[in-house]
Structures are given as C-alpha cells and as structure tokens.
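This report refers to the structure that appears directly beneath it.
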Amino acid sequence: MVVAGDREAVRGRCHETVMIARRRGKRQNAEGGERFGARRLPIFVDVLRLWQEWLAAYGVAVAGALAVYILISGLDDLALDAAWLVLRRRQKQAPPEPAREKRIAVLVPLWREAAVIERMLEYNLESIRYRNYEFFVGVYPNDEDTVEAVRRVAERDGRVHVAEVPHEGPTSKADCLNWVYQRVIEHELQTGQRAEIIAVHDAEDVIHPDSLARYNRWTEAAGMVQEPVLALPTPPGELTHGVYCDDFAESQTKDLPARVWLGGFLPGCGVGTAFRREELDRLAESESNRIFDPLCLTEDYDNGLRLYRLGCRQMVLPVEGAGMEATATREYFPRRWRAAVRQRTRWMTGNGLQAWERHGWGRGLPRRAVQAWFFWRDRKGLWGSWIGLASNLLFLACAAEWAVARLTGTEWRAGAVLGAEPWLAALLACNLALFAERMAARMWCSARIYGWMFALGVPVRMVWGNAINAAASLGAAWQYLRSKWTGEPLRWLKTEHYYPSLESLRPQPQAFAFAAAAGVGGLAGLREGAEPWECGEAAAEDCVGLPPGVWRELTGCGAGEPLAETARALPRPVADRTGAAAAGGRDGGLELAGAGDGAGSPLGELRGSTAPDLRHGSAGGERVEWLPKTTPGRNGKPRALPGHGAGRSWRPDPICRLPDVAGPMQE
C-alpha cells in the first residue's frame, strides 16, 4: 500500500525520468542530424577532392593542350581580321550601269514549303525594282500542297513558272536545282528568250528590291556574284536565331570579302547567288551537264569551288547602308535548337566532310596554300566546337571551385595549380586578349546591322552557338559515317522555314500598327506607292502603312484609286486621347468623327502630320478595332509586341501575325 508521501516521490522520479528521456532524444536527434549531414557532406567533399586530384594530375596538361589549340585558332581569326582591315580599301568601284536589263531567271527549289512560298513570291514580285526577270520554282510531284501553292501564284502572274521535278522527292537540293535549270532551257526553246543571268534563292528569302539590278550590274565584272545574306531581326531573347544574326553579319561584312581579296575561292551562300550564263555553260560542259552536283549536300559551296577551278572570277557584293536599310537578301533561320542543329549538321557534312573527301586540301587549285588555309577555317568547326565546349566546361568548373573557396575560406586549388606554371599563365593571358579581339570584331559587325543593344548579347550567344556547333559536328560525323557504312546517299535535310508578315518588310525603321478592318477595303485613305502615313514624333510608334501588294489584295483597287468604303485607320495616340474615329474615305481624303475643326483640335494636329486630306465626318456608331499591343507567346501567355515601349523606335517582330493582313504564319 502506497502512502501519500511515497506517491509524491514516485511522481517526482517519473517526471525526472521523462525529462531525461526528452533531453536524450533531443541530443540523439541532433547527433542524428549531424550524422545525416556527415553522410551528405562527404559526397560534396569527395567530388571536390576528386576534382582537385584530377586537376593536380592532369589539369596542366589538359589546360595546356586546350590553350595551345585556342591560341592557334585565335591567331587564325586575328590574321583574317587584320587582312580585312588592310584590304577593305580594295573594294572595287561598281561598274557602270548596263545599257539594258539582262534577262534573269531566278531558281527556287522547294520541298514542303506550301506554308511560305506563296507569300514569298507575292511579296518579291511586288517589291523587286527590275522588270526583265522570271521565277522558276522547282516542286516534286508528291508534294501536292506546294505544287498547288505555286500554281496559284503562276495563274495570277506570268513571271512565275512551275518547274516540276520528274521524280518524287525529296532528293538533294542540287538535284532539284538541276531539273529546274532544265525547265529554264525548255522554256527558252519554247519562247526564244534566253536568260543571261541565273540566280538562286530559297523559299524564305526576302529579296532586296535592288538585288536583281545589282546582279545585272556586277556580273559585268564577275562571273559569279554573291549578294550579302543577313538574318531578319528577332527579339534578343531568341538566342538560337541570334547566333545566325551574328554569324551572317560577321561573315558577310568581313570574312567572305577578305577571303576573296586574298585569292580564296568563294563558297556560295545558297541564296542570293547569281551566275553569268556563260560560266554555267562552261561548268555544264565540263561536268556532263550537272551544274549542281546532286550528291552534294551543300551545292553552293561545291559550285563556288568548281567554278573557281575553271577560272571564273568571283565577287562578294558590298553591304551598302546599315541596319534594316542594308542591301542584302534577308531571311529567317531556324529559331529552335533542334532545327538549328539539323541545318548546321548538313552544312558541316557538306562543307567539311564531303568537300574534304572530294577536294582534299586544295589539290589542283591555284594558290594552293591560300585554299588550304580557308579549307582549314571551313573544317575546324568539326573538332574546334568540342574543344571550345571542353574549354567552357573547364572554365565553369574552375569558377565554381573559386566560389566555394571564397565561401569556405579555403585555398583555390585550381588557381594554385594552373598559376604554378608561368608559361600556362602567359598562354591564358594571350588567349584572353585574342578572345577580347574576336568578341569586339563580332560585336562591331553585329552592331552595324542590328544596333549596339543587340550586339551586347554577343558573348552569351557565342557560348550558345558553340554548343549548337558541337551537337551539329557530332551529327555530321554520325550521318557521314552511316552513309559510308550503309551505302545510302546523303539526303536533303529539311529545316523549318518562316516568312515574315508583309507589313514588317517595309523599310522604315519605326514600328507600325495596322488597324484590323472588317470586309474589303477596311484600310482606307491610303494610296498605292505613296508613303501612306508620315507621322510626327508623337505618333511615330503607331502610324499606319500598307505595302502596294496588300493594298490591291485587300481593296481590289488599282494604282491611285481612292477607297470609298468605311475607313478604320487612324493613328492610335489621337484616337485614345480624343475618341476620334475614322468615319470613311472619299475622293482620296479621310473623314473623321469626334474631332472638331480648328488649329488646336486633333484634326488640325493631324493635318500637319499625315498625307491624306482630312475632313470632319460621322462615325455612325461603328466600332474602331485596333491591333492589340500583345500577342500570344509560345507558352500561351501574352507578350508585348516590340516597338510599343516608351521612347522606342524598333521594328515590330516580323514573325507576329497581324490580323486580316498577313495571313497565317508557320511556326
């Protein structure tokens, strides 16, 4: 029997036992947490230790080998840059204007381009400032959609001819071009009109209005001329397409001209290339009538080399002007990683591996040492991209260890190991200087075309482009070896093509907004061929413009005919501020509603900044619809259209589809 005193003693001992257990549990939990952390910590410590051991054993050798190759490649680039600086004054003066327009046949090979070819042909037919030319568009019989799209344009315009390949596709682009060329000859026999210049373009090309006139002029001096090829601008966040912007800005501005001036052969760019007919006749005679090698994936590169061997004079046409006014063939290149890798795989397979197999290092070519140098430059991407990628990874690993060393207060072993070799430190310093020069040259070329704000992204795009090239070089090696192993011929690799909306191709540097209109003739007060809206500074971002081709398509009006339908085109700042609306168009003028007359009224303001005659009218209660300032992005969320920010004067993103104006856009 337990008395009261004993009961209190038992309670005290139980409470003490519980408290001891609780303290012991907390200590064990803490110890367990330490043991858990100890189990995690060795993983990180082991990785760091392995890295440091590898660095001590192989770091100097690996870093030294990479640095030596990068030094050689950097000196190679520096030599070309220096040659360009010295030789660019040798740019020949343009020959005098020919007495007549020579007949030009434009060859366009297609495979599954129904989404873009109709728009491409219509725009270029409207914009080219040259009369004596025709398009010969190559299609395959098993590509019905593309055939039908080309036939629709051919029915509307006699300058377009369907050149059907007699067998199913796809084959190589060169094979398609050969058959298109045969259709040109067939057409000449039927009409008795011989083409004196042959030009090659692709389905996504925006041909400069003066390109054909330049072909006509410069083929007086050279048998093969290359019009500069530049990428159309896209937002800076699109790294993949930005790589193409930088690559072509540099190659067309600097690399290709310097190559020709030094005596190297001119590799064609695939588009914007024009040949004097006599040169192609010589090539056909020497190559069994195959002016394009059907087994070659990069027929442009191969053609430039074969014509050079025959003694054909080659020339890169100068880039006249800057920015969007520069004379060049424009186009969109792949905007996604996979498409870019796919296209560059074909380039590396053809320009690198196939050309290596067929032509070696310049045997039988004049100035063999110069040709060997440029063969080296054309092929070093096959291995150089992986060396560059390894260098980037080594740099990131060393930078990560430096960050850990700073956080933990420990020694930065990478710096100690690499810095212990004075020769390696000097080599790395030289490479850093060469990299700065390489980056500065690339930024200058990019800034000339796209502006300095875009050029600031060159360092990031250089790393991104190196990763794309590394993946492409691996694909090229696999594709080439697989073809050799199986005996199957290399095929034309199809890449996605885009064509910009028509209104984005206008030459003005500012952004444009198009009013969405109901029915035929919804865009009024504008005459074909004139600058439709000459806006003042306050309305520069939202002025309205209409290319001639779209004018006739939407309104059905001929040149100079006024539009008498309901007008819904009005600069947006005025409409937002005053509620004024376009009520109609009559006798070439524009009637406004909600805007009183007088010097201080919106009508008076508009009279000083727009081309059409303005009158006061009545809107009749009709609603005015405007192009939204946002467009759905790829993730489904709205994104702002470029050009609508405060104080900006950029062009709109040409990929964006503007309602009721441009038609669908392939993505």
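We use all heavy atoms of the structure for the numbers below, so side chains are in, but hydrogens, waters and symmetry mates are not.
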Open item on the list: One pair to check against salt bridge (Lys or Arg N to Asp or Glu O under 4.0 Å): Asp293 and Arg306. What are the steps and the verdict?
Closed with: CA-CA 10 Å; Asp293 190 336; Arg306 292 191 296 158; 5.5 Å; no

- [ ] Could you walk me through whether Asp143 and Arg112 pass the salt bridge (Lys or Arg N to Asp or Glu O under 4.0 Å) test, one step at a time?
- [x] CA-CA 6 Å; Asp143 186 6; Arg112 293 183 179 175; 5.4 Å; no

- [ ] Evaluate the salt bridge (Lys or Arg N to Asp or Glu O under 4.0 Å) criterion for residues Asp77 and Lys380: first the C-alpha distance (whole Å), next the side-chain angles of each, then the deciding distance (0.1 Å), finally the verdict.
- [x] CA-CA 12 Å; Asp77 294 330; Lys380 69 178 182 178; 3.4 Å; yes

Open item on the list: With side-chain contact (heavy atoms from CB on, under 4.5 Å) as the criterion, how do Gln354 and Asp302 come out once you've worked through the C-alpha distance, each side chain's angles and the decisive distance to 0.1 Å?
Closed with: CA-CA 9 Å; Gln354 276 191 327; Asp302 189 69; over 6 Å; no

TODO: Could you check Tyr130 against Ser211 for side-chain contact (heavy atoms from CB on, under 4.5 Å), going step by step and ending with a plain yes or no?
DONE: CA-CA 9 Å; Tyr130 197 84; Ser211 285; over 6 Å; no

TODO: Report the C-alpha separation of Leu80 and Phe374 in whole Å, then their side-chain angles, then the decisive distance to 0.1 Å, and conclude whether the side-chain contact (heavy atoms from CB on, under 4.5 Å) test is met.
DONE: CA-CA 10 Å; Leu80 188 66; Phe374 285 109; 4.0 Å; yes

TODO: Report the C-alpha separation of Arg151 and Glu164 in whole Å, then their side-chain angles, then the decisive distance to 0.1 Å, and conclude whether the salt bridge (Lys or Arg N to Asp or Glu O under 4.0 Å) test is met.
DONE: CA-CA 11 Å; Arg151 282 179 178 166; Glu164 188 167 302; 3.6 Å; yes

TODO: Take His201 and Val106, measure what side-chain contact (heavy atoms from CB on, under 4.5 Å) needs, and give me the verdict at the end.
DONE: CA-CA 7 Å; His201 280 280; Val106 182; 3.8 Å; yes

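At least one donor-acceptor pair under 3.5 Å links the side chain of Asn303 to the backbone N or O of Ile291. Side-chain atoms of Thr146 come within 3.5 Å of backbone N or O of Glu113 as a donor-acceptor pair. Formation of a donor-acceptor pair under 3.5 Å by the Arg217 side chain with backbone atoms of Pro95 is found in this model. A distance-only check finds no donor-acceptor pair linking the side chain of Asn216 to the backbone of Leu212 [under 3.5 Å]. Side-chain atoms of Asp145 never come within 3.5 Å of backbone atoms of Ala114 as a donor-acceptor pair (strictly under, hydrogens ignored). In terms of modelled atom types and a separation under 3.5 Å, the side chain of Gln314 and the main chain of Ala222 share no donor-acceptor contact.
Geometrically, Arg276 does not engage Tyr215 in a cation-pi contact, judged by NZ or CZ lying under 6.0 Å from the ring centre and within 45° of the ring axis. Remark: Arg88 is positioned above the aromatic ring of Trp84, its terminal NZ or CZ atom under 6.0 angstrom from the ring centre and at most 45 degrees off the axis. Relative to the six-membered ring of Tyr244, Arg344 meets both conditions, a distance below 6.0 Å and an angle of at most 45° to the axis.
Side chains of Gln479 and Leu297 form a contact here, defined as non-hydrogen atoms less than 4.5 Å apart. Counting heavy atoms from C-beta outward, Phe135 and Val153 have side chains that stay 4.5 Å or more apart. At a threshold of 4.5 Å between non-hydrogen side-chain atoms, the residues Leu280 and Tyr181 count as touching. Using a 4.5 Å heavy-atom threshold, the side chains of Pro294 and Trp179 count as separate. No side-chain heavy atom of Leu283 sits less than 4.5 Å from a side-chain heavy atom of Cys312. When side chains are defined from C-beta on, Glu250 counts as touching Arg438, because their heavy atoms get closer than 4.5 Å. Counting heavy atoms from C-beta outward, Glu118 and Arg156 have side chains that approach closer than 4.5 Å. Counting only heavy atoms from C-beta outward, the side chains of Leu456 and Met443 approach each other to under 4.5 Å.
Using a 3.5 Å distance cut-off with no hydrogens or angles, the side chains of Asp205 and Thr329 do not pair a donor with an acceptor. Under 3.5 Å, the side chains of Trp464 and Thr240 contain a donor-acceptor pair of N or O atoms. No side-chain N or O of Tyr332 forms a donor-acceptor pair with one of Thr234 less than 3.5 Å apart.
To the nearest 0.5 Å, the span separating CD1 on Ile198 from CD on Glu279 amounts to 13.0 Å. Going from atom CD of Glu148 over to atom CD1 of Ile117 covers 14.0 Å, rounded to the nearest 0.5 Å. Put simply, CD on Glu134 and CG on Asp157 are 10.0 Å apart, with the number rounded to the nearest 0.5 Å. Distance check, rounded to the nearest 0.5 Å: CG of Leu266 to OG1 of Thr273 gives 7.5 Å. Atoms CZ and CG, from Arg129 and Asp210 in turn, are 4.0 Å apart once rounded to the nearest 0.5 Å. Taking CD of Glu331 as the start and CG of Leu230 as the end, the distance is 9.5 Å to the nearest 0.5 Å.
Taking a 6.0 Å sphere around CZ of Arg338, one finds it holds 12 or fewer heavy atoms contributed by other residues, nucleotides or ligands.
Across all their heavy atoms, Arg442 and Val458 have their closest contact at CD-CG1, 3.8 Å. Considering every non-hydrogen atom in both His208 and Ala328, the closest pair reads CB-O, 3.4 Å. Closest non-hydrogen pair, Met224 versus Leu307, comes out as SD-CD1, 4.0 Å. Shortest non-hydrogen contact noted between Glu299 and Ala174 is CB-CB, 3.6 Å. When every heavy atom of Ser127 is checked against every heavy atom of Ile207, the shortest pair comes out as OG-O, 4.3 Å. Nearest heavy atoms, Met315 versus Arg313: CE-NH2, 4.3 Å.
The pair Glu220-Lys102 meets the salt-bridge criterion, with a side-chain N (NZ, NE, NH1 or NH2) lying under 4.0 Å from an Asp/Glu carboxylate O.
Phe333 and Phe248 have parallel rings, their planes meeting at less than 30° on a 0 to 90° scale where 60° marks the start of perpendicular.
Scanning for salt bridge (Lys or Arg N to Asp or Glu O under 4.0 Å) contacts around Glu320 gives Arg214, with sequence neighbours left out.
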